[in-house]
*Asks:* 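What follows is a single structure, and I will ask about it in a moment.
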Amino acid sequence: MNRARVFTVARTDLRQLYQAKDFWGPMVGLGALFFFVIPLILLLIITRVEDAGIAQQIATTLEVLPQAAQDAVQGDTPTAQAGYALAVYLFAPVAIVVPLTISTAVGSSTIVGERERGTGEFLAHSPAPVREIYLGKLIASLAPGLLTVFVGFGVYSVIVNTIVGPEVGGWFFPTTQWWVLMLWVVPPVLGLTLALVLRLSARVKSTAAAQQASGLISLPMILIAYSQSTGALYTGIEVSWVIGGLFWIAAAFALTRGMKAVTRARLLGVADES
C-alpha cells in the first residue's frame, strides 16, 4: 500500500470540503451549539440557583441515576451535585451524536459525488488501487468527525471546569471514564458507521439517494451509540473497555467488507463487474 496515494485522495477531498463553506458552516454551528452554547447556559443556570426549594428539587432528580453514578457525584450542595451530574453523565451522548452526524454527512456523498462531478473517471484510471481510494475516502470522512470530537471535547472541558469546578473543589473534568469514552469508544463507532455509509455511497446512483439512505444507517447507529455510551458512564470503566472493544471488532469487520464495495466500474458509474 502506498500511503502517499492514500493521503493524496484524502487531502483532495478535505480541500474540496474546506472550500464548501455552505456545508462546514452549519456543521461548525452544530458543534458549537451542543459543545458550547447549550452546556454553558444549562450549567450556569443550575449552578446559580439560589432558591432552596428549587435546589432541593434538583437534588431529588439525581435519584434517577443508577446507584453507582449517585455514589460518584461530587459536591457539598444540591446545585453543585446537580452541576456535576449534568456535566459528567447527561451530556455524554453529545460526544457521539455530533461527530456521527458530521462524518455521515461527508461520507454519504464522497464516492457517489465523484461520479456526479465527473471526477470519478480520474480516480478510476489513476494508478491507485481501489483499496487506497477507499482508505483515502474513509480518512477524509473520519477527519471532520474526529476534529469535532477533540475540539468540542476541549471546549466542553474548559466550560465544565470553569463553571462547575469551583463548586466541587477544583478542576475534575475529564474523568477517567470520559477519557476512555473519547479515545476508545468514539473512534470505532465512527469507523463502523462510515464503513456502512461508504459502502452505501458506492452503490447508489445519486448524492440525494445516498444522503437519504445514510439516514437509515446513522439513526440506528446514533441510538445504539447513545445508549451504550450512557450505559458505559453509568456502570463503570470496565464496561467502557468492553463496549469499545466490541465496536473495534465490528468496525474492523465492516471496513474489510466495505472495501470490496468500491470498484472502478462504480467510480465510472457503469455496471459493476461483480
Side-chain angles (χ1 to χ4, degrees), residues 1 3 6 10 31 34-35 65-73 85 87-104 106-108 131 134-154 156-157 160 172-200 214 216-262:
M1 180 180 297
R3 285 183 288 182
V6 172
F34 283 99
F35 281 110
L65 295 175
Q67 188 60 48
Q70 293 184 40
D71 294 339
V73 171
V88 174
Y89 298 111
L90 301 185
F91 278 126
V94 173
I96 296 285
V97 174
V98 174
L100 264 181
T101 302
I102 293 175
S103 283
T104 299
V106 177
S108 63
R131 181 183 182 185
Y134 177 86
L135 290 176
K137 296 290 186 182
L138 176 65
I139 292 172
S141 302
L142 272 173
L146 292 177
L147 180 63
T148 303
V149 168
F150 294 117
V151 173
F153 184 46
Y156 179 71
S157 298
V160 168
F172 67 95
F173 193 88
T175 63
T176 302
Q177 287 176 297
W178 264 84
W179 279 118
V180 175
L181 175 67
M182 302 303 295
L183 300 179
W184 179 246
V185 178
V186 172
V189 170
L190 285 176
L192 174 58
T193 305
L194 284 174
L196 301 175
V197 169
L198 288 178
R199 186 169 186 171
L200 179 70
S214 67
L216 300 177
I217 295 175
S218 59
L219 181 58
M221 286 303 302
I222 286 174
L223 294 176
I224 292 172
Y226 182 102
S227 61
Q228 295 302 313
S229 62
T230 304
L233 286 178
Y234 285 164
T235 53
I237 192 170
E238 296 82 4
V239 176
S240 299
W241 285 110
V242 172
I243 290 174
L246 294 175
F247 272 122
W248 278 107
I249 295 172
F253 176 78
L255 289 170
T256 302
R257 297 285 298 176
M259 194 175 298
K260 299 177 181 179
V262 180

*Asks:* How far apart are the closest heavy atoms of L192 and A254, and which atoms are they?
*Replies:* CD1-CB, 3.6 Å
*Asks:* Is the shortest heavy-atom distance from the side chain of F150 to the side chain of L183 under 4.5 Å?
*Replies:* yes
*Asks:* In Å, rounded to the nearest 0.5 Å, how long is the span from CG of L255 to CZ of R199?
*Replies:* 11.5 Å
*Asks:* For G31 versus V98, what's the shortest heavy-atom pair and its separation?
*Replies:* CA-CG1, 4.0 Å
*Asks:* Ignoring hydrogens, what is the shortest heavy-atom contact between A195 and Y134? Give both atom names and the distance.
*Replies:* CA-OH, 3.9 Å
*Asks:* To the nearest 0.5 angstrom, please state how far the CD1 atom of I243 sits from the CH2 atom of W241.
*Replies:* 13.0 Å
*Asks:* Taking the side chain as everything from C-beta on, heavy atoms only, tell me whether P99 gets closer than 4.5 Å to L190.
*Replies:* yes
*Asks:* With under 30° as parallel and over 60° as perpendicular, where do the rings of W184 and W248 fit, or are they tilted in between?
*Replies:* tilted
*Asks:* To the nearest 0.5 Å, what is the distance between CG (L198) and OG1 (T104)?
*Replies:* 9.5 Å
*Asks:* Return yes when atom CZ of F253 has more than 12 non-hydrogen atoms of other residues, nucleotides or ligands closer than 6.0 Å, and no otherwise.
*Replies:* no
*Asks:* Could you give the distance from CZ (F35) to OG (S157), rounded to the nearest 0.5 Å?
*Replies:* 9.5 Å
*Asks:* How close do G191 and A251 get, counting heavy atoms only, and between which atoms?
*Replies:* C-CB, 4.3 Å
*Asks:* Testing the basics here: between F173 and A87, what is the closest heavy-atom pair and its distance to 0.1 Å?
*Replies:* CE1-O, 4.0 Å
*Asks:* A85 and V73: which non-hydrogen atoms are nearest, and at how many Å?
*Replies:* CB-CG2, 4.3 Å
*Asks:* What distance separates Y89 OH from W178 CH2, expressed to the nearest 0.5 Å?
*Replies:* 11.5 Å
*Asks:* CD/Q177 to CE/M182 distance, rounded to the nearest 0.5 angstrom?
*Replies:* 14.0 Å
*Asks:* Let me have the donor-acceptor pairs involving side chains of residues 138-148, under 3.5 Å, with sequence neighbours excluded, atom names and distances please.
*Replies:*
from, atom 1, to, atom 2, distance (Å)
S141, OG, K137, O, 3.0
T148, OG1, P144, O, 2.7

